[in-house]
Amino acid sequence: MSEAAAPATDIPPFRYTAAMAEEIEHRWQDTWEREGTFHAPNPTGPLADPDHPRAGAEKLYVLDMFPYPSGAGLHVGHPLGYIGTDCYARYQRMAGRNVLHAMGFDAFGLPAEQYAVQTGTHPRTTTEANIERYKAQLRRLGLAHDERRSVATIDTDFYRWTQWIFLQVFNSWYDPRAGRARPVAELIAEFEGGTRPTPDGRPWAELTVVERRKVVDDHRLAYVSEAPVNWCPGLGTVLANEEVTADGRSERGNFPVFKRNLKQWMMRITAYGDRLLADLDTLDWPEPIKMMQRNWIGKSTGAHIDFPTDQGPVRVFTTRPDTVFGATYMVLAPEHELVDVLVPAAWPEGTKEAWTGGHASPRAAVEAYRKAAAAKTDVERQAETKEKTGVFVGAYATNPVTGGRVPIFIADYVLAGYGTGAIMAVPAQDERDWDFAEVFDLPIVRTVQPPAGFDGKAYTGDGPAVNSAAPDRGVDLNGLGVADAKARIIEWLEANGHGAGAVTWRLRDWLFSRQRYWGEPFPIVYDSTGAPIALPESMLPVELPEVDDFSPKTFDPQDADSNPETPLSRRRDWVEVELDLGDGPKRYTRETNVMPQWAGSCWYELRYLDPTNSARFVAPENEAYWMGPQQPGDCGGTDLYVGGQEHAVLHLLYARFWHKVLYDLGYVSSFEPFRRLFNQGMIQAYAFTDPRGTYVPAQEVVEVDGRYFHGETEVRREYGKMGKSLKNVVTPDEMCAAYGADTFRVYEMSMGPLEVSRPWETRAVVGSYRFLQRVWRTVVDEQTGELRVTDAPADEATRRLLHKVIDGVRGDMEGIRFNTAIAKLIELTNGLTRLAETPREVAEPLVLMVAPFAPHIAEELWRRLGHDSTLAYVDFPTADPALLVAETVTYPVQVNGKVRGRIEVAADAAEDAVRAAALEAVAGSLGGKEPRKVIVVKGRMVSVVA
RNA sequence: GCCCCCGUAGCCCAACUGGCAUGAGGCAAUGCACUCAAACUGCAUAAAGUGUGGGUUCGAGUCCCACCGGGGGCACCA
């Protein structure tokens with residue numbers, strides 16, 4: 001046996017290696033778990049602990065967007081945010097705060113169910129196994145979670161409260177006068193007392209029981225409606241607007257989605273449109289996310305205007321009522337309900353050929369156009385954005401200000417679902433209307449004067465109104481700017497009964513039911529009238545029953561006319577139930593839809609606060625402590641919420657909505673759930689394709705002079721996501737095995753700012769490994785295992801470096817700039833490796849500062865430095881301000897913007913002295929000339945203008 | 001088409017409110033030490049003038065304008 005086969009023997013016995021890291025990491029993870037190191041004390045209840053070192057301290061609630069336990073397991077990108085929050089939470093805990101950080105699982109919903117369907121096992125079985133796998137993978141990373149608070153949305157103890165919250169929503173209505181939700185009991189009391197008129201004016205007492213229930217149901221925040229919804233045959237369920245992509249497909253699975261009239265559960269999120277919009281201003285969120293929510297809510301301010309026709313008025317919505325004098329035609333959505341009423345038997349006298357679409361009668365033209373429009377997919381409609389189509393319905397309306405006769409068209413560029421589904425067309429001030437007017441040869445009248453030199457078509461900017469007066473009707477906008485003209489015309493419309501100022505929203509009510517199995521059952525039954533009845537709280541939870549076949553009934557993805565069938569409806573013995581709801585045992589039918597996957601994530605952050613509470617979903621004291629407003633006007637909520645951008649208008653909007661309902665009903669003291677939001681970047685990866693376009697394992701690709709080879713074959717590099725099909729997945733498990741969890745954590749945190757996406761590069765991980773080895777070596781002798789720490793004081797330079805680093809690291813930790821914090825720690829460590837022995841006064845703070853990033857090695861070194869308890873609650877080092885100010889400052893001296901010399905002066909030198917020294921230093925460059933100007937920037941530099 | 005964000009050594013990234021790019025830090029590269037050799041480790045070195053073109057300023061990576069490139073959002077929303 002040759003000597004070459006003897007590896008590792010010359011590695012120093014006490015070097016920090018992957019094997020040693022693994023041993024240290026497992027030992028400390030066990031210690032933390034055994035001692036409950038990261039348990040955070042509550043003010044009240046079973047999780048209260050007055051003896052805890054942080055009991056009563058300033059609180060900090062750090063939250064991650066909890067994961068789906070998908071069957072694919074984790075890759076190195078997934079834990080990025082979790083490691084980030086862990087570093088932040090560990091730092092804040094050492095800085096003196098009582099930190100709550102827990103991790104749960106969002107385990108209901110389509111992905112979990114689809115995975116279960118694929119593998120042919122019960123979703124609960126696969127989901128629970130996945131949760132265990134996730135927990136093990138996350139535990140290996142040393143995340144400091146309070147594991148007592150871990151919840152999963154599929155736990156009966158959890159979803160009974162999801163159902164309970166649903167009941168609160170169901171039993172509430174939105175009072176627009178109060179601007180908040182109130183219990184329906186108060187609504188009924190108002191009807192009974194006569195202080196609120198019934199919809200048809202009859203006294204409440206004269207309404208039948210069924211009629212009364214209908215009136216109340218129409219007010220509820222959760223209600224059943226028969227309305228056009230997004231039906232996705234491929235998934236066998238309906239979907240919320242937020243789950244449908246811009247090109248009309250399901251976000252999950254990418255199946256076509258069709259509009260169908262179906263009876264479904266809705267949540268009245270539109271009632272909260274104003275508050276969801278306005279309260280964005282109270283939030284510390286990334287601006288792009290706020291912008292996406294604003295766009296989604298889509299508030300438009302303008303007016304409703306009625307255009308009289310022989311068949312009654314047609315109401316339009318416009319944001320530009322000031323341009324009504326230029327409304328030369330009208331357009332209704334093809335589906336608009338008045339179209340059928342308006343269509344006459346024959347084309348009126350003088351109908352232009354182009355308007356008829358070549359049809360003999362308006363009826364035929366309308367039918368044909370509708371059919372063509374319905375057959376088009378959204379993608380096709382988008383592809384044809386430029387080409388305007390439409391057809392004249394054969395009827396005219398009257399422009400209420402000009403009295404002019406305007407033709408009425410239908411066209412698919414007007415959407416049935418927005419505003420009133422009808423517009424007044426003002427080609428001169430609207431590009432779409434201009435395009436349409438050109439195609440159909442319709443008159444164009446400018447009512448806003450474009451600026452001189454304007455050579456475009458429609459002019460949408462500001463300018464004085466022209467052609468906008470009707471003296472006989474008492475209205476004259478001419479000369480007014482757009483804003484003034486709007487105000488004036490709205491006044492006139494209201495005074496003359498032609499319309500009123502109005503606000504329109506893009507936001508639709510939230511479609512809340514799914515025809516799937518793996519979700520929370522509704523706590524709802526129906527009696528013989530078919531109206532929903534809430535089950536009393538005492539009957540919660542309504543447990544998800546076992547079924548033989550939990551697969552949803554899916555259809556041909558293109559089969560728009562198929563009808564949903566809920567898996568729960570197959571369990572007739574569960575559906576048909578006899579209950580005593582206070583008036584004796586009766587037969588009822590259960591609701592067989594389930595809630596959407598978003599339900600549990602709408603409130604899980606509240607359950608972490610009080611996970612064992614069986615009397616309430618959260619005790620008010622616990623909510624107020626962890627999430628309550630911190631000063632008057634503060635919205636409250638979690639102090640940090642970290643997750644991906646993909647939830648901008650789904651989870652984040654729904655959760656805000658539920659939280660506001662709970663706030664209105666007095667269950668929580670915060671009116672926003674997430675005070676501060678942080679979007680972590682994505683870890684991306686290179687993938688490689690061979691000439692046939694097949695992916696080759698990224699691990700096996702080698703780089704030669706900027707080209708990439710897989711064996712002999714040159715391969716093409718592409719940059720994107722990490723995924724099985726791209727053969728470029730790297731798992732945290734591999735990294736932990738090769739380097740240890742601490743190295744992996746340090747690497748992920750040092751790659752760049754947390755919010756920036758960056759490519760994964762396995763070969764760069766070694767840099768973080770070497771750093772931790774150096775940290776180890778500053779404290780422990782690699783050959784003997786002895787401490788190489790001295791109690792002698794540090795030299796001045798080392799001490800100053802230490803305090804500069806402490807100061808910088810604290811700032812970076814507060815600002816979530818972990819990459820620069822780590823750079824400073826590396827700088828300090830590199831400064832120490834030059835010393836023969838490490839002064840204890842530097843070694844201890846270094847270990848403490850490393851702890852948030854590499855907690856296991858830090859605990860181990862802390863122990864070796866002679867401390868016998870965890871460092872998790874040891875004060876984070878504080879910089880001595882006296883050591884931060886330098887005694888002397890070196891000023892660069894610029895002459896005409898170029899550095900020509902340097903001077904070193906006392907830090908407190910007067911400006912005149914600095915100026916004199918600087919001029920002397922650059923006298924040569926000035927060549928005896930008198931400088932024109934000398935600028936001294938205190939503590940920075942001197943600039944001389946020659 | 002409209003809106004937002006970003007372009008700094010071969011690569012990932014620093015640079016506080018405009019103020020020294022001897023780049024904070026890391027990877028890769030090169031050299032040296034250790035080794036029979038290598039790996040590991042350590043020490044050292046080289047390498048951009050900040051996407052392009054203008055402007056403001058004593059001074060611009062940082063501010064303004066235009067353009068180019070990359071990423072994201074919205075997309076007939078009246």
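Chain letters run A, B, ... following the sequence lines, proteins first and then strands; every chain starts at 1.
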Using the P atom as the point on both nucleotides, what is the distance between B:rA21 and B:rG61, in whole Å? 8 Å
Pairing partner (Watson-Crick or G-U wobble, both distances under 3.5 angstrom) of B:rG49: none
When all nucleic acid strands are considered with a 4.0 Å heavy-atom cut-off, which category describes A:Gln773: base, sugar-phosphate, or nothing? sugar-phosphate
Expressed as a whole number of angstroms, how long is the span from A:Phe771:CZ to B:rA24:C1'? 13 Å
Give a yes or no on whether A:Glu337 atom CD has more than 12 heavy-atom contacts from other residues, nucleotides or ligands under 6.0 Å away. no
Ring-ring centroid check A:Phe440 A:Tyr329, cutoff 6.0 Å: no
Please classify the nucleic acid contact of A:Thr504 as base, sugar-phosphate, or nothing, using heavy-atom distances under 4.0 Å. nothing
What do you reckon, are the aromatic ring centroids of A:Tyr747 and A:Tyr739 less than 6.0 Å apart? no
Which value, in whole Å, describes the distance between the C1' atoms of nucleotides B:rG55 and B:rC43? 48 Å
Given that both distances must come in under 3.5 Å, which nucleotide forms a Watson-Crick or G-U wobble pair with B:rG69? B:rC6
Integer angstrom distance from the C1' of B:rC65 to that of B:rC74: 26 Å
Determine the interplanar angle of the A:Tyr686 and A:Phe688 rings, folded into 0 to 90°, and report it as parallel if under 30°, tilted if 30 to 60°, perpendicular if over 60°. tilted
Ignoring the backbone of A:Asn819, work out which of B:rC13, B:rA28, B:rC74 is nearest its side chain. B:rC13
Could you tell me whether the side chains of A:Tyr413 and A:Thr389 share a donor-acceptor contact shorter than 3.5 Å? no
Spacing of A:Phe14 atom CZ relative to B:rC40 atom C1', expressed in whole Å: 18 Å
N/O (side chain, A:Arg758) to phosphate O (OP1/OP2, B:rC11) under 4.0 Å: no
Measure from the side chain of A:Arg770, starting at C-beta and using heavy atoms only, and say which of B:rA24, B:rA78, B:rC27 lies closest. B:rC27
Remember a base hit wins even if backbone is also touched, and classify A:Arg506 as base, sugar-phosphate or nothing at under 4.0 Å, heavy atoms. base
Taking A:Arg315 first and then A:Asp306, would you say they form a salt bridge - that is, a charged N and a carboxylate O separated by under 4.0 Å? yes
Using a 4.0 Å heavy-atom cut-off, does A:Val756 contact any base of the nucleic acid, only the sugar-phosphate backbone, or nothing at all? sugar-phosphate
Between B:rC13 (P) and A:Trp760 (CH2): distance, integer Å: 14 Å
Tell me the interatomic distance from A:Gln645, atom CD, to B:rC5, atom C1', rounded to whole angstroms. 10 Å
Nearest to the side chain of A:Ile826, which nucleotide is it out of B:rA78, B:rG26, B:rC13? B:rG26
Can we call the ring centroids of A:Trp434 and A:Tyr459 under 6.0 Å apart? no
Between A:Tyr413 (OH) and B:rA75 (P), how many Å, whole number? 19 Å
5'-most contact on RNA chain B: A:Glu761 or A:Ser300, nearest heavy atom basis? A:Glu761
Taking a pair as Watson-Crick or G-U wobble with both distances under 3.5 Å, which nucleotide is matched to B:rG59? none
Within the sub-3.5 Å range, which N or O atoms of nucleotides 56-60 of chain B have a protein N or O partner, and how far apart are they?
residue : atom : partner  : partner atom : Å
B:rC58  : O2   : A:Ser943 : OG           : 2.7

With syn defined as a glycosidic angle within 90° of 0 and anti as everything else, classify B:rG71. anti
Of A:Tyr418 and A:Pro753, the one whose closest RNA chain B nucleotide lies more 5': A:Pro753
How many whole angstroms separate atom CD of A:Glu431 from atom C1' of B:rC2? 10 Å
In whole angstrom, give me the gap between the P atoms of B:rG1 and B:rA9. 30 Å
In whole Å, measure the gap between the C1' atoms of B:rC13 and B:rA75 for me. 35 Å
Nearest-Å distance, CD (A:Gln293) to C1' (B:rG72)? 16 Å
Distance, C1' atom - from B:rU52 to B:rG7, rounded to whole angstrom: 11 Å
Given the P atoms of B:rA37 and B:rG31, what is the spacing between them in whole Å? 16 Å
Across the strands shown, which category fits A:Ala764 at heavy-atom distances under 4.0 angstrom: base, sugar-phosphate, nothing? sugar-phosphate
Round to the nearest Å and state the distance from A:Met291 atom CE to B:rG71 atom C1'. 18 Å
Among the candidates B:rA75, B:rU41, B:rC43, find the nucleotide nearest to the side-chain atoms of A:Thr833. B:rC43
Choosing from B:rG42, B:rG73, B:rA78, which nucleotide comes nearest the side chain of A:Val414? B:rA78
Is any side-chain N of the basic residue among A:Glu243 and A:Arg249 closer than 4.0 Å to the acidic one's carboxylate O? no
Nearest-nucleotide pick for A:Glu827, side chain only, options being B:rA24, B:rA28, B:rC12: B:rA24
Stepwise side-chain contact (heavy atoms from CB on, under 4.5 Å) test for A:Val746 and A:Met749: CA-CA 5 Å; A:Val746 170; A:Met749 293 300 101; 6.0 Å; no
With rounding to the closest Å, how many angstrom separate the C1' atoms on B:rC20 and B:rG49? 13 Å
Tell me which nucleotide, if any, is Watson-Crick or G-U wobble paired with B:rA78 when both distances must be under 3.5 Å. none
Which part of the nucleic acid, if any, lies within reach of A:Arg294 when heavy atoms closer than 4.0 Å are counted: base, sugar-phosphate only, or nothing? nothing
The complete set of ring-ring contact (aromatic ring centres under 6.0 Å, His included) pairs with one or both residues in residues 803-833 of chain A, sequence neighbours excluded, reads A:Phe818-A:Phe853
Contact class for A:Asn830 (heavy atom, under 4.0 Å): base, sugar-phosphate, or nothing? sugar-phosphate
